[in-house]
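This report refers to the structure that appears directly beneath it.
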Amino acid sequence: MGWILNLVPDLQFLTAFSLNAVPPYSFRLTVRKPAGWSLLTPHEIFKDDTLWTAMRVQSGEAFGLKLRPTGTLNEPHIDCAVFSSETLTAYKKRDLSDAVAWMLGLNEDLREFYCLAESDSLLRVLVKDLYGMRRTKRPDIFPMLVLAVTLQMAPIKRSDQMMDLLIKNYGEKMKFDGKEILCWPSPDTIARTSVRELEEKCKLGYRARVLKGIAKNIQQGFPTLRELEKMTPEAAKAKLMELKGIGEYSADIVSPHPGFAVDVWSAKIFSLLLFGEKPDSPRDIIPRLKKTAEERWGGWRGYVFTYVLNDLNNLSKTFNLDLTSL
DNA sequence: GCGTCCAGGTCTACC
DNA sequence: GGTAGACCTGGACGC
């Protein structure tokens, strides 16, 4: 009975705080990305510039979040309301406030990136179109790994179908502030579900075995994203690649360090943008693209990646390329 | 309708 | 160390 597993007590205790962001900061572009990426779950609610979303941190605790921007692009503040199942200690409140700031990229200073853009024709367009947008991070690693695994060897429509079925069959419904938000399944839920059931209910194919294995690894104490961030980029990537089913591409997607997670689809886009041509073999051009990105943008290449994939419509018009039907 | 092909990687066996 | 082949399965496509 899946729904019994998915009950989460109502999150009725409220803690509120306000956070400052390093300007320029666009709340809307950051949490509601033009490409349609959600902050924490596809089922979060965004209305009148306010975001209701929910998260389960790696320790297992669940929280509802209501986030609203105040101030301006150049003097940005975010009002945060956190809903929990019990009252929070001062220590916990500070911990959560740090986690939200980290997640929203509030303390990231983009001045160097925007400086780089002044002498780079592609970046100039990106920065103008998406001024103030941040990359965001997650408090829990499992949904990132689910994303990476379901993207493997499948058209995007099928990846969406697998993720949608995982959330609908095994996700957790969190109730707070008069809203109900459906969240990603926890590693515990997936670890105790049979491979057969995952295959049948979520159409995962061989990925069912892979995801269950990853869920078990997390149960046994796999590092959190914040812990991976404290490692060197190489060590974090190597750690992720110890997971069965996580190769170089998936590790780049999941790693909190700025990577350049090019796959066959994005290789076609970047090949057109950087070399002006459609590659005969997109897979073979990936190493060249990664090298070019590192030389041209260094540590900002992860930001370039996010900005490009969220600006395909405008880039197509500006550079007279068809980047949206690849 | 039905058959065929292949997808936004990864792993393994084999050379 | 490099590389071919298998891996699940649903959806697109041609007939």
Side-chain angles (χ1 to χ4, degrees), chain A residues 33-38 42 135 141-170 190 193-218 222 236-255 259-275 277-293 301-302 304-313 315-316 321-326:
Chain A
K33 295 223 162 31
W37 305 350
S38 52
R135 298 178 75 193
I141 195 171
F142 190 51
M144 293 299 292
L145 289 159
V146 171
L147 170 73
V149 170
T150 50
L151 282 176
Q152 292 170 12
M153 214 182 71
I156 190 64
K157 211 167 177 179
R158 179 146 155 62
S159 303
D160 281 342
Q161 178 192 46
M162 289 185 272
M163 287 188 275
D164 189 49
L165 287 169
L166 268 165
I167 293 183
K168 288 191 173 146
N169 280 299
Y170 302 105
I190 299 305
T193 305
S194 73
V195 170
R196 182 78 178 270
E197 188 182 314
L198 289 171
E199 282 173 347
E200 285 174 0
K201 285 196 177 172
C202 304
K203 302 180 193 295
L204 286 166
Y206 70 91
R207 301 174 194 82
R209 205 175 346 102
V210 172
L211 283 185
K212 187 174 163 107
I214 289 174
K216 282 184 173 172
N217 267 285
I218 293 174
F222 193 79
K237 193 164 172 177
K239 188 72 200 168
L240 284 162
M241 287 173 71
E242 283 177 12
L243 295 169
K244 206 172 167 67
I246 299 299
E248 186 164 349
Y249 161 73
S250 299
D252 271 341
I253 288 186
V254 177
S255 174
F260 202 68
V262 194
D263 50 30
V264 165
W265 167 68
S266 50
K268 293 178 199 164
I269 292 168
F270 278 97
S271 182
L272 273 170
L273 283 170
L274 296 181
F275 311 136
E277 60 188 24
K278 253 186 184 172
D280 293 333
S281 168
R283 202 174 292 281
D284 292 342
I285 206 167
I286 289 174
R288 187 179 157 208
L289 284 170
K290 286 189 164 198
K291 190 164 176 284
T292 305
R301 62 195 187 284
V304 178
F305 192 83
T306 303
Y307 267 60
V308 164
L309 297 195
N310 278 288
D311 201 29
L312 294 180
N313 284 326
L315 289 175
S316 295
L321 296 166
D322 181 14
L323 302 170
T324 53
S325 60
L326 294 169

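What you are looking at is a predicted structure, and each value in this text was computed from that prediction instead of being measured. So you know, we letter chains A, B, ... as the sequences are listed, proteins then strands, and number each from 1.
- Here the separation of B:dC6 from C:dG5, taken at their P atoms, is 15 Å to the nearest Å.
- A donor-acceptor contact under 3.5 angstrom links the side chains of A:S266 and A:D263, judged on distance only.
- As a whole-Å value, the separation of A:L323 CG from B:dG8 P is 16 Å.
- Note on residues 144-162 of chain A: pairs passing side chain to side chain donor-acceptor pair (under 3.5 Å), not counting sequence neighbours, are A:Q152-A:S250.
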Distances for protein N/O vs nucleotides 11-15 of chain B N/O pairs under 3.5 angstrom?
from: B:dC11; atom 1: OP1; to: A:G245; atom 2: N; distance (Å): 2.7
from: B:dT12; atom 1: OP1; to: A:K244; atom 2: NZ; distance (Å): 2.6

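- Counting heavy atoms from C-beta outward, A:I141 and A:L240 have side chains that approach closer than 4.5 Å.
- Summarising the geometry, the separation between OH on A:Y249 and P on B:dA7 is reported as 14 Å, rounded to the nearest angstrom.
- For A:D322, the CG atom counts as densely surrounded, since its 6.0 Å shell holds more than 12 non-hydrogen atoms of other residues, nucleotides or ligands.
- For the pair A:T193/A:K212, no side-chain contact is recorded, criterion being any heavy-atom separation below 4.5 Å from C-beta on.
- Look at CE on A:M162: it is 13 Å from P on C:dC8, rounded to the nearest Å.
- Not counting sequence neighbours, A:E277 has no partner by the side-chain hydrogen bond (donor to acceptor under 3.5 Å, both in side chains) test.
- Using a 4.0 Å heavy-atom criterion, one finds that A:S250 contacts the sugar-phosphate atoms exclusively.
- B:dA7 atom P lies 13 Å from atom OH of A:Y206, rounded to whole Å.
- One N or O on the side chain of A:N310 and one on the backbone of A:T306 form a donor-acceptor pair closer than 3.5 Å.
- Going from atom CZ of A:R209 over to atom C1' of C:dC8 covers 9 Å, rounded to whole Å.
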Identify the pairs formed between an N or O of the protein and an N or O of nucleotides 10-14 of chain C at a distance under 3.5 Å, and give each distance.
from: C:dG11; atom 1: OP1; to: A:Q161; atom 2: NE2; distance (Å): 3.1
from: C:dA12; atom 1: OP1; to: A:K157; atom 2: NZ; distance (Å): 3.0

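- C:dC13 sits 13 Å from B:dG8 when the P atoms are compared, rounded to a whole Å.
- The separation between A:M153 atom CE and C:dG5 atom C1' is 11 Å, rounded to whole Å.
- In terms of the salt bridge (charged side-chain N to carboxylate O under 4.0 Å, His left out) criterion, residue partners of A:E200 (sequence neighbours excluded) are, by chain and number, A:R196.
- Annotation: C:dG10 and B:dT10 have their P atoms spaced 22 Å apart (nearest Å).
- In this structure, A:L151 atom CG and C:dC8 atom C1' are separated by 16 Å, rounded to whole Å.
- Across the protein-nucleic acid pair, A:E248 atom CD and B:dG8 atom C1' stand 15 Å apart, rounded to whole Å.
- Under a 3.5 Å cut-off, the side chain of A:R207 and the backbone N or O of A:L204 do form a donor-acceptor pair.
- Under 4.0 Å is where a charged nitrogen must lie from a carboxylate oxygen, and between A:E199 and A:R209 no such pair does.
- Ring-plane geometry between A:F270 and A:F305 is classed as parallel, the angle between the planes falling under 30 degrees on a 0 to 90 degree scale with a further cut at 60.
- We find the CG-CD1 distance between A:L145 and A:I246 to be 5.0 Å, quoted to the nearest 0.5 Å.
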Annotated structure of DNA chain B as dot-bracket, pair cut-off 3.5 Å, Watson-Crick or G-U only, | for inter-strand, is |||||||.|||||||

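- With distances taken from any side-chain atom of A:Q152 to the nucleotides B:dG8, C:dC8, B:dT10, the minimum falls on B:dT10.
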